[in-house]
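Everything below concerns the one structure shown next.
Atoms considered below: every heavy atom in the structure, side chains included; atoms not considered: hydrogens, waters and symmetry mates.
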Amino acid sequence: MARYNAKDSEQRWQDAWNAANVFLTPTDHSKPKCYVLEMFPYPSGRIHIGHVRNYTMGDVLARFKRSQGFNVLHPMGWDAFGLPAENAAREKHVNPRDWTYENIAAMKDQLKLMGLSLDWTREFATCDPAYFAREQKLFLDFYRENLAYRSEADVNWDPVDMTVLANEQVIDGRGWRSGALVERKKLSQWFLRITAFSQELLDALDTLERWPEKVRLMQKNWIGRSEGLRFTFRLSNDEGLDVFTTRPDTLFGASFVAISPDHPLAEELANKDTTLAQFQAECRRIGTAEEAIEKAEKLGYDTGLTAAHPFDPNWKLPVYVANFVLMAYGTGAIFGCPAHDQRDLDFARKYKLTVNAVVIPEGADPKTFDVGNEAYVGPGKLANSQFLDGLTVEEGKAEVLKRLETAGIGERKVQFRLRDWLVSRQRPWGCPIPMIHCPTCGVVPVPEDQLPVKAPDDLTFTVKGNPLDVHPTWKHVSCPQCGGAATRDTDTLDTFVDSSWYYARFTDTTAEGPVNQEAVDYWLPVDQYIGGIEHAILHLLYSRFFLRAMKKAGYVKIDEPFAGLFTQGMVCHETYKDAAGLWLAPEQIDKRDGGVFVKGSDEKVTVGPSEKMSKSKKNVVAPEAIIDIFGADTIRWFMLSDTPPERDIEWTEEGADACWKFVQRIWRLVSEAEGLPPVGTPVTGNSDLRRAVHKAIAAVTEDLAGLRFNRAVAQIYTLTNAISAAGAAPGAERREALEALVQLIGPMMPHLAESCWDALGHAPFVAAAPWPKAEAELLAIHTVTIAVQVNGKLRGTLEIAPDTDKAEVEAAALALESVTRALDGKAPKKVIVVPNRIVNIVA
RNA sequence: GCCCGAGUGGUGGAAUGGUAGACGCACUGGACUCAAAAUCCAGCGUCCGAAAGGAUGUGUCGGUUCGAGUCCGACCUCGGGCACCA
């Protein structure tokens with residue numbers, strides 16, 4: 001029998017599935033549904049191996065659920081707007097639209113090689129006018145529902161390129177292309193009111209039981225609910241200054257007040273104080289990234305103003321502008337209590353401010369307790385705090401709150417870290433914001449019958465600034481309300497908006513409105529969403545918000561888009577460097593004689609650790625090259641084997657070879673099987689082989705349902721070994737075993753499974769055959785192995801009938817020769833018998 | 001800085017608080033072959049031992065328990081995220 005020819009076979013089965021429409025989404029809604037979705041790709045032009053891992057997992061699940069009788073929706077599309085297309089437009093002088101659609105075509109060809117069970121009739125790209133027209137409609141709905149509003153916000157501004165920069169485009173405070181020092185600039189921009197749902201988004205996390213705990217926790221921290229006190233300081237210039245604190249109990253430990261460099265008061269003071277203005281500029285150079293701000297040295301500028309302590313008007317606290325106070329959180333102003341907050345302490349030490357401990361840990365003396373250089377944030381009793389002395393932290397918080405509320409200068413406040421979602425982007429390759437600015441009427445929505453608002457075809461990318469904004473005619477329109485001269489909003493929506501509702505659009509891509517009510521009611525929520533952990537917060541949180549906003553606008557009845565979430569790990573590879581320290585690609589090296597050399601020479605290669613595949617380190621492998629050599633089933637099997645799906649996997653050449661050998665092994669086992677009775681021959685009995693088969697069916701079924709692909713793979717190896725060892729078993733038993741094996745590998749290696757199914761005499765398709773069922777009586781256990789320990793150390797085992805009486809098990813254990821030897825004549829003090837598990841004799 | 005995750009043989013990893021190392025890779029020995037590849041069989045944590053067997057062993061230190069890779073506390077190391085990359 002010939003070797004399995006993956007290339008021919010895979011093409012043949014892909015064509016056959018296609019011709020028979022095996023993977024079209026069922027339209028009869030009477031059966032239970034399963035919506036399986038992988039995070040759709042950005043069309044960079046090539047699929048990378050991370051996509052292969054992601055889509056393989058989703059495909060296994062989709063095929064598994066389909067054969068279990070579910071109506072499966074398994075679509076694919078393209079997250080097609082974004083920066084790379086603009087960069088290509090600038091660098092290669094191509095139209096971003098052409099570049100994007102060419103990439104989509106190329107990637108689609110590559111994806112098709114994988115044999116994914118996708119319904120391609122539902123494909124769309126977010127840059128299709130048919131899609132973003134509906135997105136613009138949703139934006140107008142949200143505006144009407146008061147979920148979209150305009151406000152000023154900071155951007156990174158490149159003064160040379162005259163363009164807004166993404167954080168990623170700011171390198172060491174300079175524009176990535178121009179090298180100019182980046183400025184911060186205020187622009188009037190659109191926001192979506194995600195904070196209207198802060199509490200709801202937080203509470204609902206508890207209901208997402210099929211989400212990783214880690215992701216829920218990350219979102220919880222991101223939403224960042226904290227309870228505290230907002231109160232007003234009276235300043236020496238007689239103005240009031242609002243601050244927020246979660247530690248009102250430490251108010252008597254205050255030694256300064258600090259405001260953000262972006263605080264209105266700081267702006268006001270800077271108008272008359274050039275040194276302060278310089279200080280502000282210096283702070284802003286740190287950028288907007290939280291990491292940079294937190295890590296930067298704590299810097300402050302003494303405004304000369306003072307704030308009166310709320311409980312003692314004669315106690316004056318200096319007011320600083322400080323770089324670590326964020327305008328975006330709370331009120332943009334704090335009181336500093338150095339003894340009990342590390343940042344405040346660092347600041348106080350630097351500016352030689354007093355450090356008074358007011359929370360004293362158990363057993364410490366209030367008179368001598370000194371925090372040194374580490375703030376004390378633990379529990380304790382209040383001291384040096386007048387009327388608070390002796391209270392606990394919690395009691396102190398309540399007391400201060402009560403007094404300031406009574407005095408009318410403070411109130412209890414629930415503060416969220418979550419900020420509204422800034423969605424305006426000053427970029428041409430995105431969904432245009434369908435709004436018009438009229439000097440008379442203000443902001444006017446584009447009438448719905450004029451949607452979609454499309455970018456013009458003749459954009460120039462060589463100009464400075466946003467091409468949409470500098471285009472000679474596009475933005476000039478007449479106001480839909482008064483007819484006067486007006487201009488379009490030249491910003492586009494954040495691409496996260498595009499990906500916040502695509503899953504809903506997939507349920508009916510022909511819907512006239514954004515969604516079809518009947519389709520979303522049936523298909524949503526997504527039953528299993530699979531993608532990278534890098535989307536743990538933003539994409540997933542925005543999508544959760546977006547569906548709520550769509551509900552408010554009357555489109556859907558549910559709140560949560562993704563009932564099940566799985567975040568898969570990355571694909572890594574060893575890194576290689578030559579003698580000169582330059583990176584080498586895997587195909588440039590040669591492993592031989594126990595060493596690693598530059599291919600075609602004796603130059604030694606330094607092998608580095610396995611890292612996420614990246615172009616710069618050259619440790620990438622191209623999926624299409626692997627498919628070309630081994631076929632799609634091999635790469636799919638690799639992606640599922642050995643490593644748990646949530647963990648990073650390392651691509652190795654040896655592993656790929658091993659998978660390919662396994663493909664051949666199965667093919668041999670099936671195609672060379674002799675003496676098999678015809679399809680449908682009944683089989684009875686409880687031979688070892690039959691028990692192994694049904695045990696494998698049960699285990700693989702459970703593992704696939706739980707997305708434990710690596711364990712399912714191990715079970716299949718075990719079954720394969722059992723079949724190999726049972727060459728002398730009756731034909732009917734071997735047929736049953738081979739059919740089970742073929743069906744179990746079906747979701748993972750679908751082409752090979754079809755070829756085997758065919759070789760076993762079945763009509764196509766195994767992909768459409770019902771999932772095998774394990775027979776309960778064959779899973780029953782006839783004997784159990786019980787471990788026997790003496791003082792917790794293994795001394796022997798017992799083969800015994802399951803559920804044997806405890807006393808009998810104990811007697812049998814004590815009778816073991818190895819046990820009497822270990823006891824050495826001592827009488828057992830105690831014997832613990834765990835039924836069917838273990839006996840532990842304590843001597 | 002803050003938040004999160006992970007540490008088990010040569011290696012990827014398995015293990016409802018109950019026989020640590022399933023299954024795969026690599027390696028070693030053997031069979032087949034003129035030879036190689038492929039395939040098949042056997043071995044494979046470490047130490048002592050010819051073997052039987054024994055000791056030891058899941059990043060470190062301590063704790064809970066008849067029993068800990070698993071639970072608790074402290075620490076060490078590595079990795080990821082931090083609002084305009086998608």
Side-chain angles (χ1 to χ4, degrees), chain A residues 3 39-42 44 79 81-84 153-156 164-170 189 212-215 217-218 220-222 224 288-296 298 324 328 342-343 346 417-427 494-496 498-499 532-539 541-542 569-570 609-612 641-644 646-650 652 654-655 657-659 661-662 664-665 668 708 710-711 713-718 720-721 724 785-797 818 821 829-832 834 836-843:
Chain A
R3 275 163 52 115
M39 291 178 185
F40 65 165
Y42 177 79
S44 60
D79 188 14
F81 279 131
L83 266 180
D154 282 338
V155 294
N156 299 310
V164 175
L165 298 175
N167 275 347
E168 157 178 283
Q169 296 170 324
V170 180
Q189 305 187 73
E213 188 53 41
K214 176 184 173 182
V215 174
L217 188 62
M218 283 167 87
K220 188 181 166 201
N221 291 336
W222 190 259
T288 55
E290 186 177 318
E291 182 197 2
I293 293 169
E294 290 280 337
K295 260 190 173 162
K298 308 286 174 282
F324 64 93
Q342 191 60 46
R343 289 179 306 185
D346 294 344
R417 206 180 78 97
L418 184 66
R419 314 202 290 254
D420 275 335
W421 177 11
L422 167 54
V423 292
S424 294
R425 296 291 182 272
Q426 296 68 39
R427 310 193 179 285
D494 180 2
T495 57
F496 274 123
D498 311 335
S499 55
I533 185 73
E534 67 272 23
H535 292 294
I537 298 175
L538 293 184
H539 163 57
L541 190 61
Y542 289 151
M570 297 180 303
S610 184
E611 293 185 61
K612 181 186 179 177
S641 299
D642 294 349
T643 303
E646 69 277 10
R647 230 181 273 182
D648 289 351
I649 193 171
E650 186 185 358
T652 63
E654 295 86 353
D657 279 339
C659 293
K661 283 179 189 171
F662 187 61
Q664 295 296 344
R665 184 177 168 202
R668 265 196 323 275
R708 293 181 295 267
N710 57 318
R711 297 213 312 201
V713 164
Q715 298 291 351
I716 287 170
Y717 275 112
T718 306
T720 309
N721 291 341
S724 295
T785 309
I786 294 181
V788 180
Q789 298 181 335
V790 177
N791 290 331
K793 283 187 180 170
L794 183 71
R795 293 300 172 187
T797 56
S818 55
R821 185 157 21 103
K829 282 184 199 148
K830 190 174 170 189
V831 180
I832 291 128
V834 182
N836 300 333
R837 283 277 176 193
I838 203 164
V839 178
N840 192 11
I841 299 159
V842 186

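The side chain of A:R837 lies closest to B:U16 when the candidates are B:U16, B:C25, B:A22. Minimum atom distance to the side chain of A:Y717 is reached by B:G24, of the listed B:G24, B:G18, B:C84. Among the nucleotides B:A83, B:A38, B:A22, the one closest to any side-chain atom of A:L418 is B:A83. The side chain of A:T785 lies closest to B:U19 when the candidates are B:U19, B:C84, B:U39.
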Starting at the 5' end of nucleotides 42-57 of chain B, put B wherever the base has a protein heavy atom under 4.0 Å, S where only the sugar-phosphate does, and a dash everywhere else.
-----------SSSS-

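B:G17 is unpaired under the Watson-Crick or G-U wobble criterion, no partner having all donor-acceptor distances under 3.5 Å. B:A42 is paired with B:U28 under the Watson-Crick or G-U wobble criterion, all donor-acceptor distances under 3.5 Å. Pair check for B:A6 finds B:U77; Watson-Crick or G-U wobble, both atom distances under 3.5 Å. Across the strands present, B:G57 finds no partner; the criterion is a Watson-Crick or G-U wobble pair with both atom distances under 3.5 angstrom.
For B:A83, the OP1/OP2 oxygens have no side-chain nitrogen or oxygen of A:R419 closer than 4.0 Å. At the phosphate of B:G18, neither OP1 nor OP2 sits under 4.0 Å from any side-chain N or O atom of A:N836.
Across all strands shown, A:R343 has no heavy atoms under 4.0 Å from either base or sugar-phosphate atoms. Within 4.0 Å of A:D657, counting heavy atoms only, lies no atom of the nucleic acid at all. Contact annotation for A:W222: base contact, defined as any heavy-atom pair under 4.0 Å involving a base atom. Note on A:G82: only backbone sugar-phosphate atoms sit closer than 4.0 angstrom, heavy atoms only; bases stay farther off.
The shortest distance between side-chain heavy atoms of A:S724 and A:R665 falls below 4.5 Å. With contacts defined as side-chain heavy-atom distances shorter than 4.5 Å, the pair A:L794/A:V788 does not qualify. Contact check for A:I786 versus A:V839: side-chain heavy atoms found under the 4.5 Å cut-off. A:T643 has its side chain out of reach of A:E650: every pair of non-hydrogen atoms, C-beta onward, lies at least 4.5 Å apart. Looking at heavy atoms from C-beta onward, A:Q789 lies in side-chain contact with A:I838 at the 4.5 angstrom threshold.
No donor-acceptor distance shorter than 3.5 angstrom exists from the side chain of A:D648 to the backbone of A:G569, with no hydrogens or angles considered. Side-chain atoms of A:T495 do not come within 3.5 Å of backbone N or O of A:G82 as any donor-acceptor pair. Side-chain atoms of A:D79 do not come within 3.5 Å of backbone N or O of A:F40 as any donor-acceptor pair.
Considering only residues two or more places apart in sequence or on other chains, A:R821 meets the side-chain hydrogen bond (donor to acceptor under 3.5 Å, both in side chains) condition with A:E817. A:D494 is linked by a salt bridge (charged side-chain N to carboxylate O under 4.0 Å, His left out) to A:R425, counting only residues two or more places apart in sequence or in another chain. Residues that satisfy the side-chain hydrogen bond (donor to acceptor under 3.5 Å, both in side chains) test with A:D420, not counting sequence neighbours, are A:Y149, A:T195.
Nucleotides B:C61 and B:C76 place their C1' atoms 10 Å apart, quoted to the nearest Å. The same atom, P, is picked in B:A51 and in B:G45; the two are 14 Å apart, to the nearest Å. Nucleotides B:G69 and B:G7 place their C1' atoms 11 Å apart, quoted to the nearest Å. Rounded to a whole angstrom, the distance from the C1' atom of B:C85 to that of B:A20 is 44 Å. Rounded to whole Å, the separation between the C1' atoms of B:C27 and B:G79 comes to 30 Å. Across the C1' atoms, B:G17 and B:U56 are found 22 Å apart, a figure rounded to whole Å. Separation of the P atoms belonging to B:G54 and B:C72 is 34 Å when rounded to the nearest angstrom.
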Quick one: which protein N/O atoms are closer than 3.5 Å to N/O atoms of nucleotides 64-73 of chain B? Pair and distance per line, please.
from	atom 1	to	atom 2	distance (Å)
B:C66	O2'	A:N840	ND2	3.1
B:C66	O2	A:N840	ND2	2.7

Distances under 3.5 Å between nitrogen or oxygen atoms of protein and nucleotides 9-13 of chain B:
from	atom 1	to	atom 2	distance (Å)
B:G12	O2'	A:T643	OG1	2.8
B:G12	N2	A:D642	OD1	2.9
B:G13	O2'	A:D642	O	3.4

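Evaluation of atom-type donor-acceptor distances gives no pair under 3.5 Å for the side chain of A:E213 against the base of B:C4.
A:L538 CG to A:W222 CH2: the interatomic distance, rounded to the nearest 0.5 Å, is 5.0 Å.
With the nearest nucleotide of RNA chain B identified for both A:S724 and A:E654, A:E654 has the one nearer the 5' end. Residue order along RNA chain B, read from the 5' end via each residue's closest nucleotide, puts A:K214 first among A:K214 and A:T797.
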